[in-house]
Number of protein chains: 4
Amino acid sequence: MSVNKAILVGNLGADPEIRYMPSGDAIASIRLATTDRYRDKQSGEMKEITEWHRVSFFGRLAEVVKEYTRKGSQVYVEGKIRTRKWQAQDGSDRYSTEIAALTLQLLGGRPSGDRGDSRNERGSQQTGSRHSMGENEIPDDDIPF
Amino acid sequence: MSVNKAILVGNLGADPEIRYMPSGDAIASIRLATTDRYRDKQSGEMKEITEWHRVSFFGRLAEVVKEYTRKGSQVYVEGKIRTRKWQAQDGSDRYSTEIAALTLQLLGGRPSGDRGDSRNERGSQQTGSRHSMGENEIPDDDIPF
Amino acid sequence: MSVNKAILVGNLGADPEIRYMPSGDAIASIRLATTDRYRDKQSGEMKEITEWHRVSFFGRLAEVVKEYTRKGSQVYVEGKIRTRKWQAQDGSDRYSTEIAALTLQLLGGRPSGDRGDSRNERGSQQTGSRHSMGENEIPDDDIPF
Amino acid sequence: MSVNKAILVGNLGADPEIRYMPSGDAIASIRLATTDRYRDKQSGEMKEITEWHRVSFFGRLAEVVKEYTRKGSQVYVEGKIRTRKWQAQDGSDRYSTEIAALTLQLLGGRPSGDRGDSRNERGSQQTGSRHSMGENEIPDDDIPF
DNA sequence: TTTT
DNA sequence: TTTT
């Protein structure tokens with residue numbers, strides 16, 4: 001009865017931060033930049049505005065983030081928008097919004113013909129996770145369309 | 001390294017068709033209409049064009065489609081675009097494109113204050129499935145943002 | 001080089017709020033609820049969590065929101081995620097995140113062929129706006145695929 | 001009242017093809033590959049399946065495709081799914097499905113701070129078009145959230 | 001504060 | 001026919 005989806009393509013502003021739950025499950029957190037260009041109505045000039053998104057990854061997806069992304073990496077992320085309420089030291093309410101990621105795709109694959117050096121930020125294309133694996137679970141091999 | 005996603009909101013043109021695999025797994029198929037309005041460049045008139053999408057659902061999601069949708073139902077569908085090749089009787093190649101659904105949301109909930117009769121097309125709001133369940137598997141209860 | 005997209009389907013928690021810029025342009029603001037259901041790991045029970053989104057609409061789209069939505073309305077919204085920084089009275093920094101809407105679709109409409117009465121909350125299916133009109137501007141009438 | 005959206009991230013299988021309407025408007029067409037990995041139920045092995053999408057771009061967006069993409073380029077595309085009916089030489093009906101693109105983002109860009117040489121396939125990050133420009137037209141400079 |  |  002409802003849909004809550006964020007789709008982001010952007011670059012990491014810093015290396016991912018990883019921490020672990022008492023259960024041992026990993027949580028990775030990144031800051032992701034997206035930039036819009038628009039023409040300013042007053043001046044008529046092109047301007048750009050960068051939005052910084054806080055994105056969290058859980059479980060196996062967090063391990064992938066840890067291993068295969070770093071500052072500057074370009075990624076595709078799909079997730080849910082979540083706002084949590086917390087109390088500041090003075091007891092006042094504060095709100096913080098983040099994207100709880102469900103899917104990750106590492107971007108920036110070299111086009112054929114490009115023979116750049118390979119101090120590549122991507123060691124592999126692994127993605128997926130407990131949370132996104134469903135995406136591939138259609139039984140392709142036995143579907144009689 | 002790639003994304004293949006379709007997002008559709010539309011109405012079923014007919015009741016869903018269900019069939020079963022030898023394994024017992026259900027496959028549901030619907031025809032979904034989406035309509036675009038646009039202004040015709042020549043005449044300046046508003047016109048509309050309806051696109052009919054073939055959407056297939058697998059496993060538990062197919063059972064939900066069978067039970068909770070019928071001709072006219074409004075649904076939100078997320079899935080993958082797939083084109084299969086098949087041979088016509090004369091041996092020539094043919095291609096058919098469909099959406100392999102991964103998520104379903106039943107739409108058309110009544111707004112509060114509406115006290116319409118309830119020969120409602122929706123008996124419940126169940127959705128999800130083996131294929132979409134991942135969406136809800138974020139461990140909300142133990143995430144220290 | 002980047003994508004910043006939110007896709008929401010939910011219900012308005014209250015009637016929309018409209019205000020006007022000095023230029024006369026309308027801005028509409030709604031609170032939109034999306035609800036996730038998940039199974040609690042500890043108790044094994046189904047739980048649900050509701051997320052409240054602040055969504056803003058500009059220009060013509062704001063007028064559509066004003067005229068065709070109200071508390072309880074079910075809508076599809078597409079937009080950008082934006083976080084602005086502001087100063088609290090004590091001078092400390094605060095952050096607030098919202099969705100700047102680019103597309104609106106009113107949901108819950110009757111499929112064609114349904115001849116129900118029309119004390120419908122929606123007087124029409126108008127959507128679009130200066131911001132989303134591009135969606136329909138593909139010259140369908142003269143595309144030789 | 002409906003949504004018809006495709007979101008694709010993939011690589012071009014060949015250089016784009018450009019043609020021009022009698023009106024002078026450009027139409028660019030590409031073949032875009034997306035690849036899914038999944039575990040085969042019978043063998044337990046990882047397999048992959050590649051889907052080839054036909055994507056068409058119109059007007060200014062077609063010019064961007066012509067100028068900034070080639071075989072192997074990685075792109076993000078958003079558009080509508082469209083199926084047209086046509087007659088084969090024997091008079092029988094055939095159907096062909098394509099994505100009519102509304103947005104293009106060139107991927108694989110270097111993060112800021114990277115000072116690589118620039119015999120880059122992308123001379124710039126231009127995207128947008130008559131059809132997608134709306135995306136940036138939110139009047140950021142005068143929105144009092 | 002919505003919806004089911 | 002791409003990409004990894």
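Protein chains get the first letters and strands the later ones, always in sequence-line order, with residue 1 at the start of each. The basis for the numbers below is simple: all heavy atoms, side chains too, and nothing from hydrogens, waters or symmetry mates.
Set against E:dT4, F:dT2, E:dT2, the side chain of A:M1 has E:dT4 as its closest nucleotide. Of the candidates E:dT4, F:dT2, E:dT2, F:dT2 carries the atom nearest the D:A33 side chain, counting heavy atoms from C-beta on. Of the candidate nucleotides F:dT2, F:dT4, E:dT2, F:dT2 has the atom lying nearest to any side-chain atom of D:K71. Distances were taken from every side-chain heavy atom of D:R31 (C-beta onward) to each of E:dT1, F:dT1, F:dT4; the shortest belongs to F:dT1.
When heavy atoms are screened at a 4.0 angstrom cut-off, A:S2 is found touching no nucleic acid atom at all. When heavy atoms are screened at a 4.0 angstrom cut-off, D:T34 is found touching no nucleic acid atom at all.
Residues satisfying the side chain to side chain donor-acceptor pair (under 3.5 Å) test with C:E48, not counting sequence neighbours, are C:R37. Partners of D:S29 by side chain to side chain donor-acceptor pair (under 3.5 Å), not counting sequence neighbours, listed by chain and number: D:R54.
A salt bridge links A:K5 to A:E78: one of the charged nitrogens lies within less than 4.0 Å of a carboxylate oxygen.
Both thresholds, 5.5 Å between centres and 30° between ring planes, are not jointly met by C:W52 relative to the base of E:dT2, so the two rings are not stacked.
Judged by distance alone with a 3.5 Å cut-off, no donor-acceptor contact links the side chain of C:R70 to the base of E:dT2.
Nucleotide E:dT1 holds its C1' atom 13 Å from the NE2 atom of C:H53, rounded to whole Å.
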